[in-house]
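Reminder, nothing fancy here: chain letters follow the sequence lines and each chain counts from 1. The figures that follow rest on heavy atoms only: side chains count, while hydrogens, waters and symmetry mates do not.
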Amino acid sequence: MGADRLLEGGARLFVLALARIDHGQVVVGLGQVWIILRELGEGVDRFLGVALLGEDHALEETRLRIVLLLREDAVDALERLVALPGLEQLGRLIEVVGARGQRGTEHHRQQGGQQTHSVIFSRPYERQHSILKIYNSLGRAKQDFAPLRPGEARMYVCGMTVYDYCHLGHGRVLVIFDVVRRWLRVSGYRVTYVRNITDIDDKIIKRAAENREPVDALTERFIRAMDEDAAALGVEKPDHEPRATQYVQPMVELIGQLEEKALAYQSASGDVNYAVRRFPGYGKLSGKSLDELRAGERVDVDQSKEDPLDFVLWKRSKPGEPTWKSPWGEGRPGWHIECSAMSRQLLGQPFDIHGGGQDLQFPHHENEIAQSEGAAGKKFVNYWMHNGFVRVDEEKMSKSLGNFFTVRDILKKYDAEVVRFFILRAHYRSPLNYSDAHLEDAKSALTRLYTALKNTNASVAVDWNEPHAVRFKAAMDDDFGTPEAVSVLFDLATAANTGNAAAAGQLRALGVVLGILQRDASQFLQGGSDADAWVSERIAAREAARKRKDFKAADDIRQELLDKGIILEDKGGKTTWRRK
RNA sequence: GGCGGAGUGGCAGAGUUGGGGAGCAUGCGAGGGUCUGCAACGCCCUAGACGUUGGUUCGAAUCCAACCUCCGCCUCCA
C-alpha cells in the first residue's frame with residue numbers, strides 16, 4: 001500500500017497533522033499543508049494523504065488527518081514554520097510521530113487500523129446535516145427543497161395514457177416517483193401524491209375503434225393492467241389517481257378563465273386554442289424561445305391557428321367520438337389541460353413538485369405552465385423533475401419506434417423486484433439501457449443482498465445515526481441518488497456477513513425506503529418454486545448418502561438438482577437451497 | 001437548423017455544480033487465496049478507467065479551450 005511505497009523511497013519520518021472540519025468548514029486544510037510543502041521543499045519526501053478520523057456521530061468536530069513524510073533535517077524547519085503567525089492553529093495540531101526506518105512500523109500498523117473507517121475526504125461528512133436537494137429542470141440546477149407549506153410536500157406526476165400495456169419506460173416513472181414519495185415521507189413530510197390517468201385522447205379513440213370496443217371498456221382494461229404492473233413493481237398507490245374524464249368540468253372552467261384573460265380563442269375550425277404569443281413566459285421550462293421553435297416544418301399546421309405553436313384546449317368532436325358539453329360546443333378536452341385542471345383541484349396552486357418523463361418537458365409541461373400560470377396569474381410549480389429514458393440498443397424505448405418491452409413481458413422472465421432494483425441502480429435522470437445481460441447482472445447483485453439477509457426476518461426501524469444510514473441519507477438527499485444509496489446497501493451486506501449483528505437489520509430497514517428487500521430471503525432465493533417437497537426429499541436422500549460417506553451418490557444428487565437450476569449450500573451442518 | 005444532455009475499468013454505474021491532491025466507489029464478471037468430503041455462499045487479496053488534443057496548476061476524471069462521437073427534444077410519447 002501507500003506506506004510501503006513510501007518507506008521504500010528512503011524516507012525517515014512521519015509527521016501527522018490533524019485538522020478539523022467544523023460544521024463542514026475546513027479549519028485547517030490542504031491549503032496550509034501546501035504552504036508546508038512549498039516551504040520545506042525537498043525536505044518533504046512525500047505527501048501521503050488525507051484521512052478522516054473518528055466516528056464521531058455528532059460530527060461537530062470531524063477530525064482530518066494529513067500525513068506527510070519528512071526527511072529528518074526538515075523537522076526543525078517545520079517547527080519554525082508553524083510558529084509563524086497564521087499557522088499557529090496548524091502548529092498546535094501538528095504531531096511528529098517519530099522516525100522509523102523500516103516496514104511494519106508502529107505507524108504502518110496505525111495505517112492499517114484506519115481501514116475500518118470509511119474515508120472519503122470531506123465530501124460525505126459535509127453532507128451530514130444534509131437537506132434534500134432536487135435538480136430542478138426549471139433553472140437546470142440542484143436546489144434545496146423548501147416546501148410551500150411546512151412539513152408538507154405536494155407532488156403531481158404525469159401518468160399513463162391508457163390504450164396499451166405499460167412498457168419499461170412507464171415502469172421506470174412509476175418506480176422512480178414511488179421512491180421520491182417514499183423519501184419525502186422518510187424525510188418527515190406529509191406527502192400528497194397525485195398521478196393522473198389520461199383516459200380520453202386521440203390514440204385511445206383510435207385504438208378503441210380498431211378493436212371495435214367502447215372507449216371506456218378499453219381504458220378500464222388497461223387501467224387494471226397498469227395497476228397490476230405497478231403493484232408487481234412494488235409501487236404504492238398514489239393518494240389520488242384522477243382520470244381526465246372525471247374532471248372535464250374543471251377543465252371547461254379553466255379554459256373559460258383563459259378565454260376571459262384573452263389567452264384562448266376559438267378558431268375558425270371550432271377548436272379552442274391557447275395563444276402562446278400572449279403568454280410572456282412561454283418556453284422557460286424547456287429553454288426554448290418561440291422564434292426558435294419553428295413549428296410547422298415537420299407537421300401540418302392548422303391554418304386557423306394564430307401561431308403554429310398554439311395548442312388545443314378544447315377539441316371539436318367528430319361524429320361518434322365521446323363528447324362533453326361546453327360553451328364552445330360539443331367536444332373534448334385537449335391533452336394538456338387535464339393536468340392543469342386536476343392538479344389545481346387536488347393540490348392547489350402553486351404546489352411543490354411536478355414530475356414526468358423527459359419527453360414531456362416540451363411541449364406538455366411547458367403548456368401546463370402556460371395554462372395554469374396564465375389562468376391564475378401565479379406560479380404553478382416550484383420543482384420540476386424529469387426522468388431519463390429507458391433505451392434499447394442506445395435508442396429511446398418508445399411506442400412509435402416499436403422497440404418497447406412491456407412490463408408484463410419482462411416479468412415473465414425476471415422477478416419484479418429484480419426489475420425494480422435494476423431501475424434504481426441508475427440515477428433517475430440518466431438513461432437506462434435495457435438488456436437481458438443487465439437484468440441478469442441486477443439479479444446476481446440482488447441475490448447478494450438477500451443472501452446477507454438469510455437469517456434475519458425481523459424488521460426493525462432505521463437507526464439514522466448509524467454511519468451507513470448517514471451515508472444513505474446523504475445519497476438520497478442529493479437529488480435522490482439511488483445508485484449511491486444502493487452501494488451503501490452492499491456495504492451493509494458486507495458488514496452483516498462479517499459479524500456486524502445490527503447490519504442486516506439496517507439493510508432491511510433501509511430497503512423499505514427503496515421498496516426492496518422486504519421479502520423473506522429464502523422466498524426470494526428459492527423464487528416461485530412449486531417443487532419444494534421434491535427438493536426436500538432429494539436433500540434428505542443426499543444427506544443420508546453423505547452420512548454413510550457415499551459421496552458419489554451425494555454428488556449425483558447435487559448434480560441432479562443443479563440440472564434443474566437448484567444450487568445446494570451446506571453450512572453449519574444444514575443444507576439450504578436456492579435457484580440459480 | 002435551434003435547444004439540451006452525455007462520453008469513466010470486460011460490463012453496469014456513482015463521483016464532476018460546492019474545497020483540485022486519496023486509502024478512490026459500488027455491483028456483476030475475471031484471476032488468486034481461504035472455507036468445504038466435493039461444491040456453493042461468505043470472507044481476504046489482485047487487476048483495470050476517466051472520448052481526443054491542447055491550456056491553467058506543484059497537482060486535473062473534476063477548471064478552461066478546441067475538436068470528435070453518441071443520445072434526446074423541437075411531432076403522439078414516461
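When heavy atoms are screened at a 4.0 angstrom cut-off, A:Ser400 is found touching base atoms of the nucleic acid. Within 4.0 Å of A:Gly169, counting heavy atoms only, lies at least one base atom of the nucleic acid. The residue A:Asn387 sits close to a base: some heavy atom pair falls under 4.0 Å. If you check every strand for non-hydrogen atoms under 4.0 Å, A:Thr494 touches sugar and phosphate atoms only. Nucleic acid contact class of A:Val157 (heavy atoms, under 4.0 Å, all strands): none. Using a 4.0 Å heavy-atom distance criterion, A:His427 is classed as a sugar-phosphate-only contact. As judged by a 4.0 angstrom heavy-atom cut-off over every strand, A:Ser430 is placed among residues touching the sugar-phosphate backbone only. When heavy atoms are screened at a 4.0 angstrom cut-off, A:Ser444 is found touching the sugar-phosphate backbone but no base atom.
The partner of B:rG23 is absent, by the rule that a Watson-Crick or G-U pair needs both atom distances under 3.5 Å. A 3.5 Å limit on both hydrogen-bonding distances identifies no Watson-Crick or G-U partner for B:rA49. Pairing for B:rC73 goes to B:rG2, judged as Watson-Crick or G-U wobble with the two contacts each under 3.5 Å.
Rounding to whole angstrom units, OH of residue A:Tyr135 and P of B:rG15 are separated by 13 Å. Remark: C1' of B:rC76 and CG of A:Leu309 are 16 Å apart, rounded to the nearest angstrom.
Side-chain atoms of A:Glu417 and A:Tyr450 form a donor-acceptor pair, as typed in the model, at a separation below 3.5 Å. Between the side chains of A:Ser435 and A:His438, at least one donor N or O lies within less than 3.5 Å of an accepting N or O. Donor-acceptor pairing under 3.5 Å is recorded for the side chains of A:Tyr428 and A:Asp479. Residues A:Asp555 and A:Gln559 have side chains that never bring a donor and an acceptor to within less than 3.5 angstrom of each other. No side-chain N or O of A:Thr219 forms a donor-acceptor pair with one of A:Arg207 less than 3.5 Å apart.
Comparing B:rU53 with B:rC68, their P atoms sit 15 Å apart, to the nearest whole Å.
For A:Gly169 against A:Met397, the heavy-atom pair with the smallest separation is N-SD, 4.0 Å.
Mapping A:Gly357 and A:Asn433 onto RNA chain B via the closest heavy atom, the residue that lands nearer the 5' end is A:Asn433.
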Nucleotides 35-40 of chain B: protein proximity per nucleotide (B base, S sugar-phosphate only, - neither; heavy atom, under 4.0 Å): --BBBB
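Scanning atom types as modelled, no donor and acceptor separated by under 3.5 angstrom connect the side chain of A:Lys203 and the base of B:rC77.
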Residues A:Arg277, A:Asp291; criterion salt bridge (Lys or Arg N to Asp or Glu O under 4.0 Å); working and verdict: CA-CA 10 Å; A:Arg277 292 268 168 197; A:Asp291 298 318; 3.2 Å; yes
